[in-house]
Amino acid sequence: MTPSDSETWISLATLMLASDFGIIPAAVDQGPAGTATHNYVATGADGTKWFVKTYPADTPLGPVDAAARLSEYARLCRVPVAAARPTTDQNRLVAAHPGLVMTVTRYIPDTVTAAGRLTGRHWESAGQAVGRLHRGLARHEFGPPRTGPRDKAIDLARTVARLEELIARYEAEPPDTAFERWALDTAREKLARVPEVEQLLDRVPRAMVSQLVHGDLSGLNVLLRGDGVAALVDFHPPVRRAAVWELGRLALDPRTVLAQPDWPEGLGRLAAAHHCLHPVVPVEELVSMVRVTAAALALSLYPLNAVHDGLGPVSGSLEQYARDRHQAAAVLRARLEEAEETLCDHSAEPHPTPCASLAAAPARALNRPPHQPARS
């Protein structure tokens, strides 16, 4: 985005903050970069700070609204999330004008993302936050958890077909850049490793518990403050996925696997904390989390497909993330037995430490289904 484009977007965002959300901003500054959004931090006249997420004008409103309402539902379940600012008519969480679609939430200050930073007490705190999230989402009108097929991330037939298609597209249009050449070589390597991945999945349960989930729970979407989780952010629209797949996306984020050598021990503590709050997921599935995540990373096309799927130019940070994902998959395979033994050890504890701290939690926060937010 050029400086003039940025000024135009900020002008539109400032207008919509006042007209749609009743916020008269004293300042609007650039915020953290989004994958497909432009984000800002607005400071109101009273000093209150707001996180402003703006989408391209042709963005469908339905999914954006559904994601915002899911986040608000999680907040009613006592999950740490950024509270949404409704529009002035109190009926909408999304505003749209020609040229811009916008949501506004409270800004969460003094935080860092969990990407590569899960250490010490963060593991238990993250397990509790996601356990509370999954427990609350299990009571949503979307439907309760149920046992069914394995998650699509480890569906071999689906992923092999997609890999073959991507390789064919690269071969039809020879790569122009070093990243594209690396992406083609990596896609071919992934395809060659399919028999190894198949063996990896032999010890993963054939049926898995699926439920309503956050949808994009990587380390970048978990904000840490001190030893705790300050907020889970950037929810996706309601979708049913395997709970273990989502837990693995956070706990085994490639940046954490590569940055924290003691991740197997932390993973065990995170899984135990999650199980205390949400025992719906069988221990056998929790123990298979490393296999599920290793297989998902080994088969994943993202972001190798960025160029051919029109996801925009590949930035230096995205290229590094691609390489991190590939390297992390190898680390997970190499330390698989160690990590599974640690998970088994923590799962065998009759009363893991995190459970004790939950005894003092308000009963209504853990047991009473919250009221559903109004549906649009």
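The backbone N or O of Val290 lies less than 3.5 Å from no partner atom in the side chain of Glu340, so there is not a single donor-acceptor pair. For the pair Thr159 (side chain) and Leu156 (backbone), a donor-acceptor distance under 3.5 Å is present. Between the side chain of Gln211 and the backbone N or O of Pro144 there is no donor-acceptor pair closer than 3.5 Å. The backbone N or O of Gly22 sits nowhere less than 3.5 Å from a side-chain atom of Thr88 that would complete a donor-acceptor pair. Here the side chain of Arg255 pairs no donor or acceptor atom with the backbone of Ala115 at under 3.5 angstrom. Looking only at distances, a side-chain donor or acceptor of Thr59 sits under 3.5 Å from a matching main-chain atom of Pro56. Side chain of His122 to main chain of Gly226: a donor-acceptor pair is present (N/O by atom type, distance under 3.5 Å, no hydrogens or angles). Looking at Arg150, its side chain does come within 3.5 Å of a backbone N or O of Leu201 through a donor-acceptor pair. Between the side chain of Arg132 and the main chain of Ala74, no donor-acceptor pair closer than 3.5 Å is present. Thr87 contributes no side-chain N or O that, together with a main-chain N or O of Asp20, makes up a donor-acceptor pair within less than 3.5 Å.
If you run side chain to side chain contact (heavy atoms under 4.5 Å, CB included) between Leu252 and each of Leu270, Leu247, Val257, only Val257 comes through.
With rounding to the nearest 0.5 angstrom, the CG atom of Asp202 is 6.5 Å from the CD atom of Gln199. Taken to the nearest 0.5 Å, the NE2 atom of His275 stands 11.0 Å off from the CD atom of Glu285. In this structure, CZ on Arg85 lies 13.5 Å from OG1 on Thr103, to the nearest 0.5 angstrom. Rounded to the nearest 0.5 Å, atoms OH (Tyr107) and OG1 (Thr43) are 9.0 Å apart.
When all heavy atoms of Leu258 and Val331 are compared, the closest pair comes out as CD2-CG2, 4.0 Å. Closest approach of Val101 and Ala57 over heavy atoms only: CG2-O, 4.2 Å. Residue Ala251 comes nearest to Met289 through the heavy atom pair CB-SD, 4.4 Å, listed as atom of the first residue, atom of the second, then distance. Pairing each heavy atom of Gln260 with each of Gly116, the nearest pair is NE2-O, 2.8 Å. Heavy-atom minimum distance, Pro145 versus Val280: CB-CG1, 3.9 Å. Residues Leu286 and Ala271 come closest through the heavy atom pair CD1-O, 4.1 Å.
Between Glu72 and Arg75 there is a salt bridge, since a side-chain N of the basic residue sits under 4.0 Å from a carboxylate O of the acidic one. In this structure, Glu319 pairs ionically with Arg323, as a charged nitrogen and a carboxylate oxygen lie closer than 4.0 Å.
Linking ILVMFWY residues whenever their side-chain heavy atoms come closer than 4.5 Å, directly or via other members, places Leu250 and Val112 in the same cluster. Hydrophobic clustering, with ILVMFWY side chains joined whenever heavy atoms are under 4.5 angstrom apart, keeps Val94 apart from Leu70. Each of Phe235 and Val239 belongs to its own hydrophobic cluster when Ile, Leu, Val, Met, Phe, Trp and Tyr are linked at side-chain heavy-atom distances under 4.5 angstrom. When hydrophobic clusters are built by joining Ile, Leu, Val, Met, Phe, Trp and Tyr residues whose side-chain heavy atoms come closer than 4.5 Å, directly or via intermediates, Tyr302 is grouped together with Leu191.
Using cut-offs of 30° and 60° on the angle between ring planes, the pair His274 and His278 is perpendicular. Using the six-membered ring where Trp is involved, Tyr73 and His140 have ring planes that are perpendicular, over 60° apart on the 30 and 60° scheme.
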Does the pair Thr293 and Arg249 meet the rule for a side-chain contact (heavy atoms from CB on, under 4.5 Å), with working shown? CA-CA 7 Å; Thr293 307; Arg249 281 208 69 203; over 6 Å; no

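With a 4.5 Å cut-off on side-chain heavy atoms, Ile108 and Phe51 do not count as touching.
Residues satisfying the side-chain hydrogen bond (donor to acceptor under 3.5 Å, both in side chains) test with Arg162, not counting sequence neighbours, are none.
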